[in-house]
Amino acid sequence: MSDSNKKMPRRKLLPLLAGALVLPYVGMGKGADPSPLPGPAEDEGEFMTLLKPDGTVVKVPRKTVEQARIVQKNISNGALLGWLKTPNK
């Protein structure tokens, strides 16, 4: 038999196959910092997402929230729920 007709044994083939599968994952943690995407990521600096009493979500400018009057600090969840359920006068 000549050298060109010899088959590769499984013991040599499996490590090569496993190495080929692992090769794309080498160096994955060393990537460059991704550039920030335009759109919602930039808007988060200007707007805040708040929850209304009826359960809907609304985006409010951050400046408005910072200038808002604080009614009561450190309110418990039960007290807040009772306050939200009372009808406004």
Side-chain angles (χ1 to χ4, degrees):
M1 281 176 79
S2 67
D3 289 333
S4 62
N5 291 339
K6 287 185 181 179
K7 293 183 180 180
M8 182 179 263
R10 273 188 258 164
R11 285 188 176 179
K12 290 184 179 179
L13 180 65
L14 289 178
L16 287 175
L17 182 62
L21 293 174
V22 172
L23 194 60
Y25 296 106
V26 174
M28 291 285 285
K30 299 177 185 176
D33 292 337
S35 62
L37 298 175
E42 293 178 359
D43 291 341
E44 290 300 322
E46 300 173 14
F47 292 95
M48 288 183 71
T49 304
L50 300 176
L51 186 64
K52 292 184 351 182
D54 61 353
T56 58
V57 178
V58 64
K59 280 188 136 182
V60 179
R62 189 172 295 275
K63 184 187 286 185
T64 304
V65 175
E66 291 171 356
Q67 295 174 352
R69 180 178 58 96
I70 297 174
V71 177
Q72 183 177 357
K73 279 190 170 185
N74 299 330
I75 190 168
S76 68
N77 288 340
L80 178 64
L81 184 61
W83 181 71
L84 290 174
K85 286 186 176 183
T86 58
N88 294 335
K89 294 180 181 181

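In what follows, every heavy atom counts, from backbone to side chain, and hydrogens, waters and symmetry copies are set aside.
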Quick check: are there more than 12 heavy atoms from other residues, nucleotides or ligands sitting under 6.0 Å from CG of N74? no
Specify the closest pair of heavy atoms between F47 and R62, including all atoms of both residues, with the distance to one decimal. O-NH2, 3.8 Å
Only counting residues at least two apart or in another chain, list the ones meeting side-chain contact (heavy atoms from CB on, under 4.5 Å) with V65. M48, L50, V60
Tracing side-chain contacts under 4.5 Å among Ile, Leu, Val, Met, Phe, Trp and Tyr outward from L51 reaches V57
Across all chains, not counting sequence neighbours, the side-chain contact (heavy atoms from CB on, under 4.5 Å) partners of L13 are M8
